[in-house]
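Notes follow the structure.
Small disclaimer: the values here were computed from a predicted structure and weren't measured.
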Amino acid sequence: MRIVRRPGAFVCGIDAAMDVIGGKWKVLILWALNERTCRFGELRRAVPGVTEKVLSSHLKELEDDGIVHREVYAEVPPRVEYSLTPLGLSLNAALEPLGAWGRDHIYRGAGTGADPGPSGAEGAAEPVAGLGQP
């Protein structure tokens with residue numbers, strides 16, 4: 001099922017995970033599919049800025065990696081739906097703490113005392129040292 005896109009062994013688990021989710025759009029595609037099963041056009045609208053070519057390529061790679069399931073319905077006109085496999089669901093669960101960290105980082109970097117949102121971060125108005133600070 002897995003197509004290895006690069007030679008050699010992985011250095012660590014993060015290296016192996018980044019081989020699967022690397023790129024600007026893959027994590028956003030996974031997040032959109034975490035919400036519900038989507039058709040191609042729905043995914044394109046859910047991930048603003050991604051081109052059809054890149055979306056198609058990333059979906060194929062995620063399908064080859066066993067992360068995304070592609071269901072083709074024998075209808076006229078043809079209908080194709082994309083959903084997460086159990087492996088894809090487990091990958092999204094692993095990405096949740098990264099999303100929480102990102103939300104906290106956004107609020108800390110704002111320096112405006114903005115509401116930290118559902119993560120409940122305290123001290124959210126303090127900028128994070130060394131991250132985008134002069």
Query raised in the report: Can you tell me how far OG1 of T51 sits from NE2 of H58, rounded to the nearest 0.5 angstrom?
Result: 8.5 Å
**Report entry** Stepwise side-chain contact (heavy atoms from CB on, under 4.5 Å) check, R44 with E52
**Finding:** CA-CA 7 Å; R44 197 177 67 232; E52 288 187 21; 3.1 Å; yes
Report summary line: Contacts of S56 meeting side-chain contact (heavy atoms from CB on, under 4.5 Å) (sequence neighbours excluded), chain-then-number -> F40
pair [X]-[Y]: side-chain heavy atoms closer than 4.5 Å:
X	Y	value
T85	V68	no
E71	V80	no
R36	E42	yes
W25	L55	no
Y82	T37	no
L33	I29	yes

Report task. Could you tell me which non-hydrogen atom of A32 sits nearest to which non-hydrogen atom of L43, and how far apart they are? Result -> CB-CD2, 3.9 Å
Report summary line: In terms of heavy-atom contacts, K26 and L62 come closest through CD-CD2, 4.2 Å
Query raised in the report: Is the shortest side-chain N to carboxylate O distance from R79 to E81 below 4.0 Å?
Result: yes
Which atom pairs, one a donor and one an acceptor, fall under 3.5 Å between side chains of residues 88-96 and the rest of the protein, sequence neighbours left out?
{"unit_1": "S90", "atom_1": "OG", "unit_2": "L87", "atom_2": "O", "d": "2.7"}
{"unit_1": "N92", "atom_1": "ND2", "unit_2": "L30", "atom_2": "O", "d": "2.9"}
{"unit_1": "N92", "atom_1": "ND2", "unit_2": "N34", "atom_2": "OD1", "d": "3.2"}

